[in-house]
Amino acid sequence: QQQVKQSPQSLIVQKGGISIINCAYENTAFDYFPWYQQFPGKGPALLIAIRPDVSEKKEGRFTISFNKSAKQFSLHIMDSQPGDSATYFCAASKLWGQNFVFGPGTRLSVLP
Amino acid sequence: DAGVIQSPRHEVTEMGQEVTLRCKPISGHDYLFWYRQTMMRGLELLIYFNNNVPIDDSGMPEDRFSAKMPNASFSTLKIQPSEPRDSAVYFCASNSRDRAYEQYFGPGTRLTVT
């Protein structure tokens with residue numbers, strides 16, 4: 001119940017395309033869902049996050065879609081750029097900001 | 001702010017040796033987290049502290065692992081004795097109650113146990 005599943009494991013997208021990464025969770029007690037971005041040799045950094053009281057959140061080219069009934073959420077990267085090439089982790093937490101459970105990660109490559 | 005500082009950045013040691021990883025959280029942050037990242041298991045939370053007190057250590061894999069936070073600006077993660085399966089990247093992260101929605105990660109320590 002503590003798991004967060006994430007797919008795909010890897011993703012290759014052409015520059016300008018849309019990247020979509022999906023996550024699913026089981027524990028309905030989770031109430032905070034962030035996405036972290038990690039570049040090689042660096043620690044993860046918060047990209048965007050959502051609470052379950054909204055169905056969508058958009059920040060620039062990045063959008064989280066949240067489906068509470070299906071217990072699923074996804075990250076959409078519009079107009080993907082080579083600089084977006086990184087590993088993306090979804091996560092979930094029962095306590096706002098504490099005790100995260102991370103998904104296994106998606107390695108995104110955006111081709112020029 | 002310098003961000004979360006970890007040392008060393010790389011550590012190579014032989015099986016059976018003691019390893020100590022160090023972390024300096026961002027000043028003013030009252031939560032500190034230790035994570036381990038491997039290809040097989042992804043990013044795992046090992047332990048976290050609030051105001052220097054360990055809150056949840058259920059992720060610590062076994063008694064060979066221990067973590068301390070003697071003051072608000074310093075924490076250690078110790079492995080004794082180390083084993084090859086401990087090879088991983090260890091991250092420290094911190095945040096504060098008033099910005100609890102974001103954890104700030106350090107650059108990590110890459111540990112190799114031969």
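A, B, ... follow the sequence lines: proteins, then strands. Residue 1 opens every chain.
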*Under the side chain to side chain donor-acceptor pair (under 3.5 Å) test, which residues partner A:Arg61, sequence neighbours left out?*
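Partners of A:Arg61 under the side chain to side chain donor-acceptor pair (under 3.5 Å) test: A:Asp84.
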*Just grab all the disulfide (SG to SG under 2.5 Å) pairs involving residues 47-77 of chain A, residues at least two apart or on different chains.*
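Disulfide (SG to SG under 2.5 Å) check on residues 47-77 of chain A returns no pairs.
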*asked:* Just by distance, no angles: are the side chains of B:Gln17 and B:Gln80 close enough, under 3.5 Å, to form a donor-acceptor pair?
replied: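 Short answer, no.
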Where on [X] is there a heavy atom nearer than 4.5 Å to chain A: the side chain, the backbone, both, or neither?
X: B:Arg9; answer: side chain
X: B:Tyr35; answer: side chain
X: B:Gln6; answer: neither

*Heavy-atom distances under 4.5 Å only: say whether A:Pro34 touches chain B with side chain, backbone, both or neither.*
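No part of A:Pro34 comes within 4.5 Å of chain B.
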*asked:* Once you measure the plane-to-plane angle for A:Phe33 and A:Phe66, does it fall in the parallel (<30°), tilted (30-60°) or perpendicular (>60°) bin?
replied: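 It falls in the tilted class, 30° to 60°.
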